[in-house]
Amino acid sequence: MRLPVSFFQRPTLEVAPDLLGATLFVENEGRKCSGRIVEVEAYLGPDDPASHAAGGPTPRSRIMFGPPGRAYVYFIYGMHHCLNFVTEKEGRAGAVLIRALEPLDGREIMRKRRGGVPDGRLCDGPGKLCQALGIGREWNGMPLDGTGALRLYLEKTAEKVHFERTPRIGISKAAARPYRFIRTP
DNA sequence: TGGATGATCGCA
DNA sequence: GCGATCATCCAG
């Protein structure tokens, strides 16, 4: 079942765990790739010091304050992109960072984009999955229901999903908050 | 463990 | 303008 945009119009900390187990589909360069979401992190609004939305809207973080159910893609460390899903109702900032996928369809082209790493390393990091799926800045702002100029969408899982919560990775501010969600067996 | 590599943002 | 910082990745 396709996830509607309204799925994202909720508190970020509720959306994040609900995304675990969902399948992300990306149509790019005439190819369709998909992967199961297995790790995410929540980033909140101005009250979350680790969030790009801390300190109010900026040219980069503007999308986080806009309507939910869109992609927030940013460039970091001079060489990587990260994919987020915008949450909360319009005017309130929030996003979920997609940190890892289990690759499903399109592994051939993902391997090609990733330079022939083993399948287990294709999408096991936020920068890696963007490289595998061919996601760059041009995907920023794309709706998550496949209605944009570049198509991506999600399907919900029917399975019961187990997960654990841990602190977020690679941040220095608000590092103690348990806003990371990992799918467990 | 540190280097690559460039956009971003606060402060001057 | 300037520079510290950065939601990363990979080689060694």
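Because the structure is a prediction, the values reported are computed rather than measured. Letters go in sequence order (proteins before strands), and every chain restarts at 1. Hydrogens, waters and symmetry mates are skipped; everything else that's a heavy atom, side chains included, is used.
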Original post:
For nucleotides 5-10 of chain B, read 5' to 3', which letter fits each nucleotide if B means a protein heavy atom sits under 4.0 Å from the base, S means only the sugar-phosphate is that close, and - means neither?
Top reply: BBSSS-

**OP:** Sequence neighbours left out, what pairs pass salt bridge (charged side-chain N to carboxylate O under 4.0 Å, His left out) with at least one residue falling in residues 20-30 of chain A?
**Re:** E27(A)-R151(A), E29(A)-R113(A)

Original post:
So if you build clusters from Ile, Leu, Val, Met, Phe, Trp, Tyr with side-chain heavy-atom gaps below 4.5 Å, do L150(A) and L129(A) land together?
Top reply: yes

**OP:** For residues 65-79 of chain A, pull every pair meeting salt bridge (charged side-chain N to carboxylate O under 4.0 Å, His left out), keeping only residues two or more places apart or in separate chains.
**Re:** none

**OP:** Anything under 4.0 Å to a heavy atom of chain A counts; send over the first and last such nucleotide of DNA chain C, read 5' to 3'.
**Re:** dC6(C) to dC10(C)

Original post:
When all nucleic acid strands are considered with a 4.0 Å heavy-atom cut-off, which category describes I171(A): base, sugar-phosphate, or nothing?
Top reply: sugar-phosphate

**OP:** Would you list the pairs meeting side-chain hydrogen bond (donor to acceptor under 3.5 Å, both in side chains) in which at least one residue belongs to residues 157-169 of chain A, sequence neighbours left out?
**Re:** D48(A)-R168(A), E159(A)-R183(A), T166(A)-R180(A)

Original post:
Could you spell out the base pairing of DNA chain B in dot-bracket, with Watson-Crick or G-U pairs whose two distances are under 3.5 Å, [ ] crossing and | to another strand?
Top reply: ||||.||||||.

Original post:
Which residues, if any, of residues 7-23 of chain A bring a heavy atom under 4.0 Å of DNA chain C?
Top reply: none

Taking distance alone, no hydrogens or angles, what donor-acceptor pairs closer than 3.5 Å link side-chain atoms of residues 1-12 of chain A to residues at least two apart or in another chain?
unit_1	atom_1	unit_2	atom_2	d
R2(A)	NH1	D145(A)	O	3.3
R10(A)	NE	F7(A)	O	3.0
R10(A)	NH1	D18(A)	OD2	3.0
R10(A)	NH2	F7(A)	O	3.4
R10(A)	NH2	D18(A)	OD2	3.2
T12(A)	OG1	T87(A)	OG1	2.7
T12(A)	OG1	E88(A)	OE2	3.0

Original post:
With a 4.0 Å cut-off on heavy atoms, is R114(A) in touch with a base, just the backbone sugar-phosphate, or nothing at all?
Top reply: sugar-phosphate

Original post:
Taking the nucleotide of DNA chain C with the closest heavy atom to each, which residue, V117(A) or L83(A), is nearer the 5' end?
Top reply: L83(A)

Original post:
Which pairs, with at least one residue in residues 92-119 of chain A and sequence neighbours excluded, count as a ring pair (Phe, Tyr, Trp, His ring centres under 6.0 Å)?
Top reply: none

Original post:
Tracing side-chain links under 4.5 Å among I, L, V, M, F, W and Y, which residues wind up in one group with F75(A)?
Top reply: none

Original post:
Does anything in residues 166-185 of chain A pair up under ring pair (Phe, Tyr, Trp, His ring centres under 6.0 Å), and if so which pairs, sequence neighbours excluded?
Top reply: F163(A)-F181(A)

Original post:
How would you list all residue pairs meeting salt bridge (charged side-chain N to carboxylate O under 4.0 Å, His left out) that involve residues 93-111 of chain A, not counting sequence neighbours?
Top reply: E39(A)-R99(A), E41(A)-R99(A), R107(A)-D119(A), E108(A)-R111(A), R111(A)-D119(A)

**OP:** Evaluate the side-chain contact (heavy atoms from CB on, under 4.5 Å) criterion for residues I98(A) and N84(A): first the C-alpha distance (whole Å), next the side-chain angles of each, then the deciding distance (0.1 Å), finally the verdict.
**Re:** CA-CA 6 Å; I98(A) 309 304; N84(A) 302 252; over 6 Å; no

Original post:
Strictly under 6.0 Å, is that where the ring centroids of H52(A) and Y74(A) end up?
Top reply: yes

Subject >> Stepwise side-chain contact (heavy atoms from CB on, under 4.5 Å) test for C82(A) and L97(A) >> reply: CA-CA 7 Å; C82(A) 289; L97(A) 171 68; 3.8 Å; yes

Subject >> Stepwise side-chain contact (heavy atoms from CB on, under 4.5 Å) test for L101(A) and L133(A) >> reply: CA-CA 11 Å; L101(A) 305 173; L133(A) 296 172; 3.9 Å; yes

